[in-house]
Amino acid sequence: MSTANTAFILVASILVLFMTPGLAFFYGGLVSRRNVVNTMLSVFFICGIAILLWVAIGYELAFNGDIGGIIGIVHHFFLTHLNLNHVLANGLPTGVYLLFQMMFAIITPALFVGAIVGRTRFKFLLWFIVLWSVLLYYPMVHMVWSANGLLAHIGMIDFAGGTVVHINAGITAFVLSAFLGRRHNYGQELQHYNLPWVLLGTTILWIGWYGFNAGSALAMNSVALQAALTTTVTTATSMIAWMILDIMIVGKPTLVGVCTGTLCGLVGITPGAGYVTLAGSFWIGILAVAASYTFITLLKPRIGVDDALDAFGCHGVSGIMGSIVTGLFATKTVNKTIPENGLFYGGGFKLLGAQLFGTVATIIFVAVLCVILISLLRLVVPMRVDAAEEDLGLDQGEHGESVDYIVKGDRDILNHQAEFQGQMARLQQRHK
């Protein structure tokens, strides 16, 4: 066992886990006051359900055995008799690699929650995440990151989850939004609950992303360092690019825009973080924001699909762009393990072609299975809350809780505002 690599991946795993509560604050700050609890719970409870699924069957389906390059085989239910101390070629024990990949299984379904806030029944979301993990996420992990995976065999590369995580979650968000239909207040300006939470969530996500991207080197080496540097440069580039676009088009910079641009950069660099130079990472940041900004501001209103918090616009679009342009900017000078140099580094169209094929295949695979899964599941479990509950807010309708609590004395004041105003007015007159 390599103690250095093992310690590094343990820390990276903790950082990736940290991203999920960060995402809860990011989404919770963006939604309206009536849906904060529902949104944050819908993200955070995935920590529990995804961990149990992963140790029961997920790790085995993703990495053990092979059926057609698409899915693995469960030989060790709940990891029974699996040797977690077996040391892999890079010096990592199986248990540490299993833990690291578990954190990806948590954060990925949490990403598409932002698309469907304010109108989805919690029971439907619970069953959807369970089935989606088994039918979509574990096969995607196997196809891309397993030695026997179908997409891995064609030469497609995905350093930290452009296809497995972001395109997967982004396309799922789009399909779910299309099935749900628009919110009652669609088209009205959304009153965000807490913008400081949005900044807090963005900061936590950025910090956690170093575990996500640098940790995907699976060793404390030069590739991990490169992934950390490219992640930093791309994110900074995307943040400033989005802010400049807001100043030019909207007329003023916005905190939500800066945070959105930051997230697009993090997503865009994910598939190529350990494969590209710093110059390449700069251009990936520009391209990711150009694609996502164009979709969110120009195409989304015309399409009319109500992706509430732009989960597809950020994760799907920037993930697609990042996955494709990795075929342009990847170079063996950064990572000798890649099969070919990218187009801009003398490798011709071979890697770019593999990236295009893998990206399109991922989109089709996820979209088709999502349509089938949603169509069947909603026959058994109602998908959308009724109009009255949507107007009331899902915090009360689904959970009976509120984000802002009122103590008894404050409630009495609110119930008798006119009386208290009169008393205060007389008090003020006496002081005059």
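Heavy-atom basis, side chains included; hydrogens, waters and symmetry copies ignored. Since this is a predicted model, take the numbers as computed values, not measurements.
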With sequence neighbours excluded, what pairs up with H75 under the ring-ring contact (aromatic ring centres under 6.0 Å, His included) test?
none
Show the nearest heavy-atom pair for residues R34 and D395, with the distance to one decimal.
O-CG, 2.9 Å
What's the separation between atom CZ in F365 and atom CD1 in I167, rounded to the nearest 0.5 Å?
13.5 Å
Is the number of heavy atoms from other residues, nucleotides or ligands within 6.0 Å of CZ (F357) greater than 12?
no
I need the full list of side-chain hydrogen bond (donor to acceptor under 3.5 Å, both in side chains) pairs touching residues 258-274, with sequence neighbours left out, sorted by first then second residue.
W209-T270
Please answer whether the main-chain N or O of L92 pairs with a side-chain N or O of N5 as donor and acceptor at a distance below 3.5 Å.
no
How far does CD1 of I9 sit from CD of Q101, to the nearest 0.5 angstrom?
10.0 Å
The criterion is ring-ring contact (aromatic ring centres under 6.0 Å, His included); which residues satisfy it with F100, sequence neighbours excluded?
F104
With a 3.5 Å distance limit and no angle check, can you tell me whether T20 reaches the backbone of F44 through a side-chain donor-acceptor pair?
no
So, for A308 and R119, which heavy atoms are closest and what is the spacing to 0.1 Å?
CB-NH1, 4.1 Å
What residues, two or more places apart in sequence or in another chain, satisfy side-chain hydrogen bond (donor to acceptor under 3.5 Å, both in side chains) together with T203?
none
Does the side chain of F128 reach to within under 4.5 Å of the side chain of T172, using non-hydrogen atoms?
yes
Not counting sequence neighbours, which residues clear side-chain hydrogen bond (donor to acceptor under 3.5 Å, both in side chains) with S402? List them please.
Q396
Centroid-to-centroid, H399 to F122, below 6.0 Å?
yes
Distance, nearest 0.5 Å, that separates CD1 of I71 from OG of S146:
9.5 Å
Not counting sequence neighbours, list each pair that qualifies as a ring-ring contact (aromatic ring centres under 6.0 Å, His included) and has a residue in residues 13-35.
F25-W197
If you look at every heavy atom in I70 and M143, which pair is closest and at what distance?
CA-CG, 3.7 Å
Donor on one side chain, acceptor on other, H142 and D66, under 3.5 Å:
yes
Sorted by chain and number, sequence neighbours left out, salt bridge (charged side-chain N to carboxylate O under 4.0 Å, His left out) with R384 holds for E390
Has the side chain of E389 got a donor or acceptor atom that lies under 3.5 Å from a matching backbone atom of L394?
no
Closest heavy-atom pair, T237 versus V233, reported as atoms and distance to 0.1 Å, is OG1-O, 2.7 Å
Which atom of V223 lies closest to which atom of G274, heavy atoms considered
CG1-O, 3.8 Å
Listed by chain and number, what are the side-chain hydrogen bond (donor to acceptor under 3.5 Å, both in side chains) partners of T202, not counting sequence neighbours?
none
Mind checking the CG-CG spacing from L369 to L136? Nearest 0.5 Å is all I need.
5.0 Å
Residue pairs meeting side-chain hydrogen bond (donor to acceptor under 3.5 Å, both in side chains), one or both in residues 104-113, sequence neighbours left out, come to none
Heavy-atom closest contact (I49 atom, I129 atom, distance):
CG2-CG2, 4.2 Å
Exam field: side chain W54 to backbone L98, donor-acceptor pair closer than 3.5 Å
yes
Of D307, D310, D306, the residue whose pairing with K300 passes salt bridge (charged side-chain N to carboxylate O under 4.0 Å, His left out)
D310
Spell out, as yes or no, whether a donor-acceptor pair under 3.5 Å connects the side chain of T120 to the backbone of V117.
no
T234: side-chain contact (heavy atoms from CB on, under 4.5 Å) partners, not counting sequence neighbours:
S238, I269, S281, I284
Starting from the C-alpha separation in whole Å, work towards a yes-or-no answer on ring pair (Phe, Tyr, Trp, His ring centres under 6.0 Å) for F179 and F124.
CA-CA 13 Å; F179 269 88; F124 177 89; 9.2 Å; no
Assign the ring pair Y59 / Y97 to parallel, tilted or perpendicular, where the plane angle (0 to 90°) is split at 30° and 60°.
perpendicular
Distance, nearest 0.5 Å, that separates NE2 of H315 from CD1 of I171
13.0 Å
Distance alone, cut at 3.5 Å: any donor-acceptor contact between the side chains of S323 and T163?
no
Is it true that, when you exclude K350 itself, more than 12 heavy atoms of the residues, nucleotides or ligands shown sit nearer than 6.0 Å to its NZ?
no
Point-to-point distance, once rounded to the nearest 0.5 Å, from CD1 of I320 to CD of Q355:
13.0 Å
Show me the pairs that pass ring-ring contact (aromatic ring centres under 6.0 Å, His included) and involve residues 254-295, at least two apart or across chains.
F159-Y275, W242-Y293, F295-F312
Tell me, please, which residues at least two apart from F349 pass ring-ring contact (aromatic ring centres under 6.0 Å, His included).
none
